[in-house]
Trainee: 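There's a structure below that I have some questions on.
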Amino acid sequence: MQPSKLRQFYQLNTLSNIIARTFTSDTSNTDRRQLKSWKQIPGPSLWDLMKEGIPGVKEELNFNDGLKFGLNLYKKYGPIVKVDGCLGRPPVIALYDPDYCSQILHSENWMPIRRGFDSLEYYRKFKRHKSKENQIKSNVYGLITDHGESWKQFRSTVNPVLLQPKTIKLYTASIDEVALDMIARLKSLRGENNMIQSDFAMEMNLWSLESIALVALGRRLRCFDSHLPSNSPEKRLIRLVHEIFTVANNLDFKPSFWRYFPTTTYMRAMKLYEEHERLACYFINKTIEEFQKENKRKLDDNKSVLEKLLEINKDIAVVMASDLLLAGVDTTANTITAILFLLATNQEKQDKLREEIRTIKDPNQRYYLRACIKESLRMMPVVSGNIRDTTKEYNVLGYSIPEGIIISFMHQAMSMMDEHFPRASEYLPERWLANKEDPMYYRNAHPFVYQPFGFGVRSCIGRRIAELELDIFLVRLIENFKVEWFGPPLKSKSASMNYMIGPHNFIFKDA
């Protein structure tokens with residue numbers, strides 16, 4: 001890997017991938033002269049950020065706590081903040097004004113550029129085709145890592161499959177089966193104190209992986225099977241997902257030299273990404289063989305996600321499966337952990353939810369269930385906000401923001417401000433059910449304050465799947481357990497997403 005090739009790769013990210021511009025800046029020459037440069041936007045210096053790790057220094061801008069970091073930036077610098085980059089990471093502008101968030105997100109909604117897993121993007125575009133075991137022959141890069149016209153074509157292809165409610169509802173019974181199996185597993189893992197006698201975070205990841213595999217791979221992985229050999233493909237895939245997020249966090253979301261020369265972590269990441277795609281191909285091929293053995297003709301409405309994607313293109317099916325396994329495991333697992341914590345520390349809300357579950361059998365009529373999940377996503381979302389690269393100039397709060405600048409829309413921090421959501425620090429699912437006359441009515445908040453699944457054409461493709469998984473599993477958890485919590489509040493750590501870190505002091509009593 002040559003440094004010149006890496007430089008060319010990052011230039012392509014911000015230049016040649018910008019295909020279409022449907023909006024133009026309306027800043028007149030006179031107005032432009034009155035604007036300040038984006039470099040004059042207030043914000044912490046590199047020293048301010050680096051000294052946070054020095055013992056004895058008061059931590060105010062700790063990157064590890066995304067919410068605290070975001071709120072402290074706002075309190076100290078105001079509604080627009082510049083955070084300098086280093087070691088190949090460019091500066092980022094943090095934006096807390098929902099009107100300007102709306103303006104930019106709408107303007108960048110044709111072919112939005114959203115940075116993320118740069119190392120995975122590099123593997124797919126420059127390393128994959130060199131692998132002897134590569135089974136993906138076409139230039140298909142997926143939704144996580146691609147931009148521009150090729151991203152638009154891929155998204156247009158998979159949207160009708162993954163966003164079709166009828167298709168997702170086909171998984172209701174099988175996802176419920178996974179939920180019931182996990183409930184039985186949790187009961188078997190309880191000790192005398194009714195606490196789970198294993199790594200709770202790993203248990204939630206197993207549940208999430210088993211659930212999303214039904215959609216991505218068309219099969220169960222038997223994650224809960226204690227007799228599953230440690231060297232089995234299933235066990236390897238379970239470990240791979242966790243290992244990939246660990247190395248990706250170190251490469252893409254922390255300062256790293258891999259953009260200049262191949263570090264040890266970079267080389268390990270390339271091998272992990274290759275193995276992950278190979279395993280996705282392995283399981284999909286097994287599912288194809290099973291389809292062929294069944295030899296059943298199905299109506300389109302009864303075909304699974306994988307069947308529909310395979311009819312389009314096998315490479316698309318494999319890459320989409322890989323993306324779902326990467327983006328749909330830790331996210332859902334950490335979301336359900338946050339929901340359980342908020343319900344465990346707000347027993348009256350948990351009791352109210354349990355009563356709804358026991359008395360209302362129609363899932364479509366369980367409004368308080370949905371309200372509990374929405375309120376959890378407001379307070380403890382799995383990501384702190386949206387990110388876009390600008391493709392044109394903007395006038396934002398008196399500053400000229402040029403093309404090619406990264407803007408972070410600080411949705412989590414805004415959602416925790418009383419000016420947007422009254423009593424923002426309180427867990428109040430009722431705000432999502434309040435009428436228009438109630439001061440707590442959620443629509444009183446600007447719609448671009450709360451965006452847990454992203455916005456527009458780049459919003460979460462797996463939203464319907466995630467919501468189905470959360471709805472079903474949360475119902476099974478609350479109807480079986482009275483969930484309690486002891487000790488200090490649950491903490492989160494920000495990296496590629498918000499991780500709910502231990503200790504997980506849950507107590508699972510029989511309901």
Side-chain angles (χ1 to χ4, degrees), residues 12-23 104-118 120-125 128 136-168 171 212 215-218 273 276-277 280 284 300 303-329 331-332 382-383 385-391 406-407 409 451-468 496-497:
L12 284 172
N13 269 347
T14 55
L15 295 175
S16 62
N17 278 339
I18 302 169
I19 307 298
R21 301 178 188 173
T22 57
F23 297 88
I104 296 171
L105 283 168
H106 276 106
S107 184
E108 297 290 344
N109 200 37
W110 175 243
M111 275 191 283
I113 299 174
R114 183 193 63 194
R115 299 197 188 200
F117 293 90
D118 290 347
L120 177 60
E121 180 176 359
Y122 188 83
Y123 163 76
R124 287 181 173 178
K125 292 184 175 179
R128 173 204 280 161
I136 300 174
K137 304 305 178 185
S138 57
N139 294 327
V140 176
Y141 304 122
L143 297 180
I144 294 179
T145 57
D146 209 3
H147 312 281
E149 187 63 39
S150 58
W151 169 86
K152 182 185 175 184
Q153 291 177 355
F154 191 100
R155 178 85 191 211
S156 299
T157 301
V158 299
N159 263 359
V161 178
L162 284 158
L163 294 180
Q164 176 56 253
K166 288 183 179 179
T167 303
I168 303 306
Y171 294 93
I212 195 62
V215 181
L217 304 174
Y273 296 148
H276 190 268
E277 279 192 350
I284 286 175
D300 280 346
K303 290 179 181 176
S304 67
V305 166
L306 182 57
E307 286 175 294
K308 290 182 176 181
L309 291 177
L310 286 169
E311 287 178 350
I312 299 169
N313 182 292
K314 184 180 177 182
D315 285 354
I316 288 177
V318 171
V319 174
M320 191 67 248
S322 181
D323 278 0
L324 286 172
L325 291 169
L326 286 174
V329 178
T331 48
T332 315
V382 75
V383 291
N386 284 302
I387 290 180
R388 293 289 188 272
D389 278 26
T390 58
T391 60
I406 301 174
I407 298 182
F409 307 94
Q451 291 282 327
F453 289 99
F455 171 77
V457 297
R458 200 113 204 187
S459 61
C460 177
I461 189 77
R463 175 174 181 168
R464 294 190 187 279
I465 301 166
E467 288 177 335
L468 182 65
S496 57
M497 53 174 279

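Everything numeric in this text was worked out from a predicted model, so none of it was measured. The first residue of the sequence shown is numbered 1, and numbering continues consecutively from there.
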Trainee: Decide yes or no for R155 and K152: does some side-chain heavy atom of the first lie under 4.5 Å from some side-chain heavy atom of the second?
Mentor: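 They are not in contact (no side-chain heavy atoms under 4.5 Å apart), so the answer is no.
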Trainee: Is there a side-chain contact between H147 and D389 in this structure, where contact means two heavy atoms from C-beta onward sitting under 4.5 Å apart?
Mentor: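 Counting from C-beta outward, H147 and D389 never come under 4.5 Å.
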Trainee: For F455 and H106, take the angle between the two ring planes, folded into 0 to 90°, and tell me which bin it lands in: parallel under 30, tilted 30 to 60, perpendicular over 60.
Mentor: perpendicular
Trainee: Taking C-beta and beyond as the side chain, do I316 and T157 meet within less than 4.5 Å on heavy atoms?
Mentor: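 Sidechains of T157 and I316: in contact.
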Trainee: Using side-chain heavy atoms (C-beta onward) and a distance below 4.5 Å, is L162 in contact with M320?
Mentor: yes
Trainee: Between I387 and I407, is any pair of side-chain heavy atoms under 4.5 Å apart?
Mentor: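 Side-chain contact under 4.5 Å: no.
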Trainee: Give every residue pair that meets the salt bridge (Lys or Arg N to Asp or Glu O under 4.0 Å) criterion with at least one member in residues 307-317, sequence neighbours excluded.
Mentor: K298-E307, K303-E311
Trainee: So do W151 and R458 actually touch side chain to side chain, heavy atoms under 4.5 Å?
Mentor: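 Yes. Closest side-chain heavy atoms under 4.5 Å.
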Trainee: What closest approach, in Å, do A327 and I144 show between heavy atoms, and which atom pair accounts for it?
Mentor: CB-CD1, 4.1 Å
Trainee: At their closest point, which heavy atom of N386 faces which heavy atom of G454, and how far apart are they?
Mentor: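 Answer, listing the atom of N386 first, then G454: OD1-CA, 3.3 Å.
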Trainee: Between E108 and T391, do the side chains contain a donor N or O and an acceptor N or O under 3.5 Å apart?
Mentor: yes
Trainee: Any side-chain heavy atom of L326 within less than 4.5 Å of one from F117?
Mentor: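 Sidechains of F117 and L326: no contact.
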Trainee: Any salt bridge between E277 and R124, counting N to O under 4.0 Å?
Mentor: yes
Trainee: So, for D146 and K125, which heavy atoms are closest and what is the spacing to 0.1 Å?
Mentor: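 That closest heavy-atom pairing would be OD1-NZ, 3.3 Å.
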Trainee: Name all residues meeting the salt bridge (charged side-chain N to carboxylate O under 4.0 Å, His left out) criterion together with R114; count only those two or more places apart in sequence or in a different chain, and write none if there are none.
Mentor: none
Trainee: Distance check, rounded to the nearest 0.5 Å: C460 atom SG versus E467 atom CD?
Mentor: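 So the gap between those two atoms works out to 9.0 Å.
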Trainee: Give a yes or no answer on whether the side chain of N109 reaches the backbone of V457 with a donor-acceptor pair at less than 3.5 Å.
Mentor: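 Judged by distance alone, yes, a pair lies under 3.5 Å.
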Trainee: Could you state the interatomic distance from CD1 (I168) to CZ (R464), rounded to the nearest 0.5 Å?
Mentor: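 Rounded to the nearest 0.5 Å, the CD1-CZ separation comes out at 8.0 Å.
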Trainee: Measure across T332 and A466 and return the closest heavy-atom pair with its distance rounded to 0.1 Å.
Mentor: OG1-CB, 4.4 Å
Trainee: side-chain contact (heavy atoms from CB on, under 4.5 Å) with V319: which of I136, N313, T145?
Mentor: I136
Trainee: Working to the nearest 0.5 Å, report the span between CZ of F154 and CG of N159.
Mentor: 10.5 Å
Trainee: So which atom in A317 and which in L306 form the shortest heavy-atom distance, rounded to 0.1 Å?
Mentor: CB-CD1, 4.1 Å
Trainee: Any sub-3.5 Å donor-acceptor pair from S459's side-chain atoms to G456's backbone N or O?
Mentor: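 Such a contact is found between S459 side chain and G456 backbone.
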Trainee: For Y171 and V305, indicate whether the former's side chain and the latter's backbone hold a donor-acceptor pair under 3.5 Å.
Mentor: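 Yes; at least one donor-acceptor contact below 3.5 Å.
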Trainee: Side chains of L310 and I284, heavy atoms from C-beta outward: is any pair under 4.5 Å?
Mentor: yes
Trainee: Is the side chain of D323 donor-acceptor paired with the backbone N or O of L143 at a distance under 3.5 Å, no angle test?
Mentor: yes
Trainee: Please name the pair of heavy atoms, one in P452 and one in V383, separated by the smallest distance, quoted to 0.1 Å.
Mentor: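 Looking at all heavy atoms of both residues, the closest pair is O-CG2, 4.3 Å.
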Trainee: For the atom pair CG (L163) and CD1 (I461), what is the distance rounded to the nearest 0.5 Å?
Mentor: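 Atom-to-atom, L163:CG and I461:CD1 are 4.0 Å apart.
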